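Every chain is numbered from 1, with letters handed out A, B, ... down the list of sequences. All values reported here derive from a predicted model rather than from experimental measurement.
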Amino acid sequence: MNNFIIKEIINDINKGFPVYKLKFRFAPEPNGVLHIGHLKAIYINFYLAKYFKTKIYLRFDDTNPKNENIYFVNNIINNIKWLGFKYNKITYTSNYFDILYKMAVNMIINNKAYIESINKKKIYDIDKILFIFNNMKIGRYNNNDFVLRAKTINNLPNYHIKDPIMYRIIKKKHYRTNYKWCIYPTYDWAHGQSDYIEKISHSLCSIEFQNHKPLYNWFINNIYNKKYNIYKPKQIEFSRLNISNTITSKRYLNILKKKKIIKNYKDPRLMTLNSLIYKGYNPKNLIDFIKKNGFTKRNTNITIDEFNNYIKNKIINKTKIIMGVRKPIMIILKNFYKKKYIYINNSYKILISKKIYIEEEDFCIKHNSNFFRLSFKNYVRLKYYYPIKAYKIKINKYGKKIIYCNIYKYINTNKIKSTIQWVSSINKKNMYINDYKYIYINNNKLFNCNSLNKKKIIIDKYLYNNLKLNNNYQFLRIGFFNYCKINNFIKIFYFKKKY
RNA sequence: AGACUCGUGGUGUAAUGGUUAGCACUUCAGAUUUUGAUUCUGAUAGUUAAGGUUCGAACCCUUACGAGUCUACCA
């Protein structure tokens with residue numbers, strides 16, 4: 001792999017940064033589950049640590065107790081374990097609350113911070129600031145009464161991040177520190193400082209933090225202490241992975257959950273890691289997909305089709321092929337006399353009988369030169385069996401079509417263009433496909449919210465006995481599925497139809 | 001509206017001022033095929049624009065245009 005991040009790090013090494021001092025971190029906030037987009041940040045950090053043979057921490061950036069909890073912490077740990085990445089240490093920003101507080105007091109003493117009240121009144125007197133700041137800490141005030149702001153005046157090119165808030169009052173139980181703190185540091189104040197405390201060398205983040213970079217450096221310069229760590233961490237931003245027609249935003253994922261559009265985060269319509277695990281994706285394939293798309297600063301837009309196509313090419317030769325019929329239409333094989341077993345790949349057998357089912361759409365009454373499957377003119381092969389051709393159609397008393405066909409064992413099969421799947425009528429087993437469309441968001445509106453539904457599919461009973469849970473299967477000419485629970489397949493994706 | 005960042009075929013990504021701008025996917029055509037899948041062969045298609053510096057520019061400079069992000073007591 002070759003990208004601007006590696007080049008920049010190698011450049012730092014060439015300028016004298018010692019390789020053994022390189023250190024990386026993946027720093028999610030435990031306020032939601034990870035999705036395919038996070039994988040990009042996870043991968044690059046773990047890759048760099050491996051590449052340079054240095055350390056990497058998993059840091060939970062838990063600076064805001066509002067939506068954080070231990071469930072998300074454990075979920076993230078489990079997801080990373082599933083991906084197969086190994087970190088040296090788990091750390092928490094909340095471990096640094098004391099030291100961050102002391103640093104903030106120092107900032108106040110050095111005239112680098114001030115207090116602002118709810119009615120925008122600014123307080124610059126150092127003794128007063130220290131007094132109020134302490135009262136904020138011990139809970140003398142209500143939420144929003146005061147904030148501590150950094151005094152960056154005119155130092156930074158981007159005026160929007162001037163005088164950022166360092167501390168705000170949030171009177172809420174923190175999942176790790178309980179009620180110890182009534183004030184919590186903001187991202188801007190906590191993140192770079194945590195990097196410095198942990199001696200992270202390169203702090204990789206997604207592109208939306210680039211506006212904060214001058215501030216990141218400003219704060220670091222203010223707390224810099226040569227005796228503790230002579231190297232300042234460096235923020236490098238890369239563009240995030242945007243996949244169209246899906247949701248890669250923690251906020252919206254949480255909204256879906258709150259609105260009960262999804263029951264849980266492994267809902268197949270999502271691209272959360274939980275969902276991808278549930279659907280039986282191989283972590284290596286996901287990582288290869290990330291790798292393939294690379295790391296740059298420009299904004300990208302990858303479609304879900306590209307993702308599916310990439311995965312398809314990875315798994316197509318490794319996935320067992322089975323036959324299933326979704327909308328059955330009955331076929332009677334005229335010159336068929338005795339039911340028999342067909343052995344498939346020496347691994348299981350299926351039954352063929354006089355009456356079988358095929359897909360309704362694999363038969364066409366009207367002849368059409370673009371139609372290669374069963375008709376009165378076309379021969380079509382039955383998979384694992386012989387060619388057939390229709391000669392008669394009847395409607396039974398329930399109004400259902402029954403097609404009568406002849407088997408042609410000895411004709412030249414060279415010109416037969418199509419092979420179709422089938423299931424014996426006397427050995428069928430009803431199963432279900434959990435079908436869905438991706439939920440996505442456009443202009444703040446959610447689409448495909450009620451897109452999860454069950455569809456029937458029939459398969460051979462003997463095949464049924466051979467299915468293994470949590471295995472991927474290819475339904476011949478339909479698509480890829482994970483056998484996720486008894487009698488249920490979950491769609492991974494369908495083949496694209498060309499007809 | 002401003003600040004910051006970024007503009008390479010349809011998409012993603014290489015080319016660190018030096019061959020004819022490379023690779024992969026998509027699309028299209030042909031071959032193979034008991035999956036209209038896969039595989040194989042081939043084709044189409046690109047440096048946002050204009051100017052400047054240079055023997056030489058995708059790369060450096062200027063301007064314009066376009067896109068993304070931010071302008072939160074979220075991260």
Side-chain angles (χ1 to χ4, degrees), chain A residues 1-4 7 10-11 27-32 60-64 66-68 93 116 118 136 143-149 156-162 164-170 183-191 205-215 237-242 244 249-251 254 289-303 305-307 309-310 312-313 315-317 319 321-323 362 370-373 380-387 413-414 416-421 474-480 494-499:
Chain A
M1 203 167 69
N2 186 21
N3 60 48
F4 81 101
K7 282 176 197 165
I10 288 176
N11 192 27
E29 187 192 10
N31 67 344
F60 289 99
D61 205 8
D62 48 2
T63 56
N64 186 341
K66 273 182 187 164
N67 298 309
E68 293 165 1
T93 302
E116 187 181 80
I118 193 164
M136 284 164 68
N143 289 347
N144 305 335
D145 278 356
F146 295 99
V147 292
L148 183 74
R149 280 184 183 276
L156 298 170
N158 189 348
Y159 73 90
H160 292 295
I161 51 172
K162 266 181 201 163
I165 290 171
M166 294 168 69
Y167 276 96
R168 71 281 211 218
I169 301 169
I170 302 174
I183 52 171
Y184 289 91
T186 57
Y187 168 88
D188 283 318
W189 172 240
H191 199 91
C205 62
S206 50
I207 204 86
E208 66 264 31
F209 292 104
Q210 63 192 5
N211 293 350
H212 297 243
K213 192 172 185 166
L215 186 60
E237 314 87 9
F238 58 87
S239 72
R240 47 194 303 159
L241 181 72
N242 294 315
S244 67
S249 146
K250 272 186 190 172
R251 216 184 104 229
N254 291 341
F289 176 73
I290 298 292
K291 227 193 274 187
K292 166 196 170 271
N293 282 300
F295 291 82
T296 61
K297 281 196 174 198
R298 69 187 92 121
N299 29 307
T300 63
N301 206 3
I302 295 163
T303 64
D305 285 341
E306 269 181 83
F307 173 74
N309 189 61
Y310 184 82
K312 178 181 80 180
N313 288 331
I315 66 174
I316 191 155
N317 292 320
T319 317
I321 297 168
I322 59 178
M323 293 200 289
D362 284 343
N370 289 329
F371 186 79
F372 304 155
R373 290 156 286 153
V380 69
R381 280 187 216 91
L382 293 176
K383 180 79 177 173
Y384 307 121
Y385 200 61
Y386 296 104
T413 60
N414 289 350
I416 298 175
K417 278 193 173 173
S418 193
T419 302
I420 59 171
Q421 74 270 30
Q474 183 198 144
F475 269 120
L476 190 75
R477 307 202 309 125
I478 297 175
F480 292 86
Y494 290 130
F495 284 119
K496 260 196 206 164
K497 268 190 188 171
K498 286 192 175 172
Y499 49 87

Among B:U38, B:A75, B:U13, the one nearest A:R298 by side-chain distance: B:U13
Closest nucleotide among B:C73, B:G68, B:U38 to the A:N299 side chain: B:G68
Sugar-phosphate, base or nothing in reach of A:Y385, heavy atoms under 4.0 Å: base
Side-chain H-bond candidate by donor/acceptor type, A:S239 with A:N299, under 3.5 Å: no
Sugar-phosphate, base or nothing in reach of A:K297, heavy atoms under 4.0 Å: sugar-phosphate
A:F495, nearest nucleotide to its side chain (from B:A75, B:U35, B:G12): B:U35
Residue A:I170, side-chain heavy atoms: nucleotide from B:A75, B:G36, B:C74 that is nearest: B:C74
Closest nucleotide among B:C4, B:U38, B:G12 to the A:I302 side chain: B:G12
Candidate nucleotides B:U35, B:G68, B:A75, ranked by approach to the side chain of A:E29 - the nearest: B:A75
Derivation of the side-chain contact (heavy atoms from CB on, under 4.5 Å) call for A:I478 and A:Q421: CA-CA 10 Å; A:I478 297 175; A:Q421 74 270 30; 3.8 Å; yes
Touch class at under 4.0 angstrom, heavy-atom based, for A:E237 against every strand present: nothing
From CA spacing to verdict: side-chain contact (heavy atoms from CB on, under 4.5 Å), A:I322, A:Q474: CA-CA 6 Å; A:I322 59 178; A:Q474 183 198 144; over 6 Å; no
Listed nucleotide nearest any side-chain atom of A:N211, set B:U34, B:U38, B:A3: B:A3
Distance-only donor-acceptor check, side chains A:R381 and A:T419, under 3.5 Å: yes
Distance in angstrom units between A:D305 CG and B:U27 C1', rounded: 13 Å
Stacking of A:Y499 on B:G36 base (centres under 5.5 Å, planes under 30°): yes
Intra- and inter-strand pairs of RNA chain B in dot-bracket (Watson-Crick or G-U wobble, both distances under 3.5 Å; | for another strand): (((((((..((((....[...)))).(((((.......)))))....(((((..]....))))))))))))....
Among B:G36, B:U13, B:C74, the one nearest A:K498 by side-chain distance: B:G36
Nucleotide of B:G12, B:A37, B:A75 approaching A:R168 most closely (side-chain heavy atoms): B:A75
Distance in angstrom units between A:M166 CE and B:C73 P, rounded: 16 Å
Proximal nucleotide (of B:U35, B:A15, B:A75) relative to the A:E208 side chain: B:A75
Sugar-phosphate only, base, or nothing, as touched by A:K250 at under 4.0 Å among non-hydrogen atoms: nothing
Length of the line joining A:I169:CD1 and B:C73:P, which is rounded to integer Å: 14 Å
For A:F495, all residues meeting ring-ring contact (aromatic ring centres under 6.0 Å, His included), sequence neighbours excluded: A:F480
Sugar-phosphate, base or nothing in reach of A:K213, heavy atoms under 4.0 Å: nothing
Touch class at under 4.0 angstrom, heavy-atom based, for A:F209 against every strand present: base
First encountered from the 5' end of RNA chain B, between A:N3 and A:T186: A:N3
Min side-chain heavy-atom separation A:F238-A:I207 under 4.5 Å: no
Passing option when A:I183 is tested against A:V147, A:L148, A:I170, A:I169 for side chain to side chain contact (heavy atoms under 4.5 Å, CB included): A:I169
Pair A:E29 + A:K250: basic N to acidic O under 4.0 Å: no
Separation of atom CG in A:N313 from atom C1' in B:C25, rounded to whole Å: 9 Å
